[in-house]
Amino acid sequence: MLYDQGQDITSTKRTGNMKEQIQTLVTIQDIEAETAEIQQQLAGAYHRIEEMENQLKEKRKQAVEREETVSVWKISYRDFDLTLKSNNEMVLRSQERLKSVKTNREYQALLKEVEELKKQNARIEDEMIKLMGDIESGEAQLAQSATEIQSLAAEIEAEKLAVEESTQSQRLRLKELGENKSRYTVKTEPGLLKLFNRVRSIHSRGNAVVQAIDAVCEGCHMNIPHQLYNELQRCDSIKLCPNCQRIIYWQQPECADK
C-alpha cells in the first residue's frame, strides 16, 4: 500500500485549489492516454512496413537460392552434353573400325564397346531431358519471383508514402501533446505529481486518477468506506482507494462544506 487508508497526501494550504490540482492530473492522464494511442498507431503502421520488408527480403533470398540451383543444373546439362558428344564420336570411330577388323574376337569387343556407349548415352539423354525440365521450371519460377519482388517492392514504397502522409498529422499532434503535458506538469504540486507517477507505474494499463461515484471507486469498482467518501467530497486533500491504491476524487460542480 502506498499510503495508509484515508491519509491526507496534500492539503489545500500547499496546493491552493485541490480541485484544480485534481483536474490538472486528469488532464495530464488524458494527454498520456492519447499520446500512447497515437504511438501505438504509429508503431502498428511501421510494423506493417517492417513485415512487408521482411517478406521482400525472404523472397529475394529464395530467388538467389533458386538462381544458384538453376545455374548448377545448367552446368550439369552442359557437362552431360559434352559427354554425349564425346561418346557419339567414339561410337562413330568404333563403327568405322568394325569395317576393318580381322578377327571375330576384336569384332565382338568393338560391338560391346559400341553397345555400352549407346546405353550410357541413353542414360545421359534421360538425365538431360530431366534437367531441361527442371531448368525450364526453375526459370519460370525465377520469372514469377522477379514479378512478385517487383510488385512487392512497389507496394512497400506506396505503403511508405501512405504512412508518411497519414502519420504526419499524428506526429504533429504528438508534439502538441508533449507541449501541453509540460504546461500542465509545471502547474502540479511536485509531491502530488510524484504520487501520480508512482500510482501510474502500478496501473500502467489503466487510469491512475479515477472518480468515486456513490462511494464506489471507478477504477476497481469496489466500495470505499463511507467516512472516506465523505472526506473526499470536501475536495481539500488527496485520497487513495484502499482497494486498488488509485487516486480518487469526487467530481461535482461544488464541493461539500468542510
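In this text, all values refer to a predicted model and were calculated from it rather than measured experimentally.
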When you group the ILVMFWY residues by side-chain heavy-atom contacts below 4.5 Å and let the links chain together, are [Y] and [X] in the same group?
| X | Y | result |
| --- | --- | --- |
| Leu131 | Leu84 | yes |
| Leu25 | Leu177 | yes |
| Trp250 | Met222 | no |

Problem - Residues in salt bridge (Lys or Arg N to Asp or Glu O under 4.0 Å) contact with Glu37, at least two apart in sequence or another chain - result: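 For Glu37, no residue satisfies salt bridge (Lys or Arg N to Asp or Glu O under 4.0 Å) once neighbours in sequence are set aside.
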
Rounded to the nearest 0.5 Å, what's the gap from [atom1] on [X] to [atom2] on [Y]? Could you check?
| X | Y | atom1 | atom2 | answer |
| --- | --- | --- | --- | --- |
| Leu117 | Met90 | CG | CE | 5.0 Å |
| Leu192 | Ile238 | CG | CD1 | 4.5 Å |
| Arg198 | Ile247 | CZ | CD1 | 10.5 Å |
| Asn207 | Gln29 | CG | CD | 3.5 Å |
| Ile28 | Thr185 | CD1 | OG1 | 4.0 Å |
| Glu157 | Ile49 | CD | CD1 | 9.0 Å |

Problem - Donor-acceptor under 3.5 Å (His203 side chain, Cys244 main chain) - result: yes

Handout entry: Under 3.5 Å: donor-acceptor pair, side chain of Glu67, backbone of Leu142
Key =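 Checking the backbone N and O of Leu142 against the side chain of Glu67, no donor-acceptor pair under 3.5 Å is found.
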
Checking [X] now: which residues fulfil side chain to side chain contact (heavy atoms under 4.5 Å, CB included) with it, not counting sequence neighbours?
| X | result |
| --- | --- |
| Glu176 | Arg173, Asn180 |
| Arg171 | Leu42, Tyr46, Glu164, Thr167, Gln168 |
| Thr103 | Arg105, Glu106 |
| His226 | Asn230 |

Grab the two heavy atoms, one from [X] and one from [Y], that are nearest each other, plus how far apart they are.
| X | Y | result |
| --- | --- | --- |
| Ile248 | Leu232 | O-CD1, 3.3 Å |
| Asp214 | Tyr229 | N-OH, 3.1 Å |
| Leu228 | Ile224 | CD2-CB, 4.3 Å |
| Ala153 | Arg60 | CB-NH2, 4.4 Å |
| Asp236 | Glu231 | OD1-O, 4.2 Å |

Problem - Glu58, CD: over 12 other non-hydrogen atoms inside 6.0 angstrom - result: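 Yes, the 6.0 Å shell around CD holds more than 12 heavy atoms from other groups.
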
Handout entry: Glu51 atom CD: more than 12 heavy-atom contacts under 6.0 Å
Key = yes

Less than 4.5 Å apart, side chain to side chain, heavy atoms only: is that true for [X] and [Y]?
| X | Y | value |
| --- | --- | --- |
| Val210 | Cys217 | yes |
| Gln23 | Tyr249 | yes |
| Leu152 | Lys59 | yes |

Exercise for the section: Can you run down the side chain to side chain donor-acceptor pair (under 3.5 Å) pairs that involve residues 132-144, sequence neighbours left out, and say none if there aren't any? Expected result: Arg66-Gln141, Lys74-Glu139, Lys130-Asp134, Gln144-Glu148

Exercise for the section: Mind jotting down which residue pairs meet the side chain to side chain donor-acceptor pair (under 3.5 Å) criterion with at least one end in residues 108-118? Sequence neighbours excluded, please. Expected result: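 Every pair satisfying side chain to side chain donor-acceptor pair (under 3.5 Å) with a residue in residues 108-118: Ser94-Glu113.
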
Practice task
Give the other cluster members for Ile129, using side-chain heavy-atom distances under 4.5 Å between Ile, Leu, Val, Met, Phe, Trp and Tyr residues; answer none if it is isolated.
Solution key: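 Under the 4.5 Å side-chain rule, Ile129 groups with nothing.
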
Problem - Members sharing Val216's hydrophobic cluster (side chains within less than 4.5 Å) - result: none

Holding to side chain to side chain donor-acceptor pair (under 3.5 Å), I want the full list of residues that pass it with [X], two or more places apart in sequence or in another chain.
| X | answer |
| --- | --- |
| Lys187 | none |
| Asp126 | none |
| Gln55 | none |

Practice task
Would you kindly say whether Glu189 and Gln21 are connected by a side-chain donor-acceptor distance under 3.5 Å?
Solution key: no

Exercise for the section: Starting from the C-alpha separation in whole Å, work towards a yes-or-no answer on salt bridge (Lys or Arg N to Asp or Glu O under 4.0 Å) for Glu53 and Lys160. Expected result: CA-CA 11 Å; Glu53 288 179 333; Lys160 285 181 177 179; 2.9 Å; yes

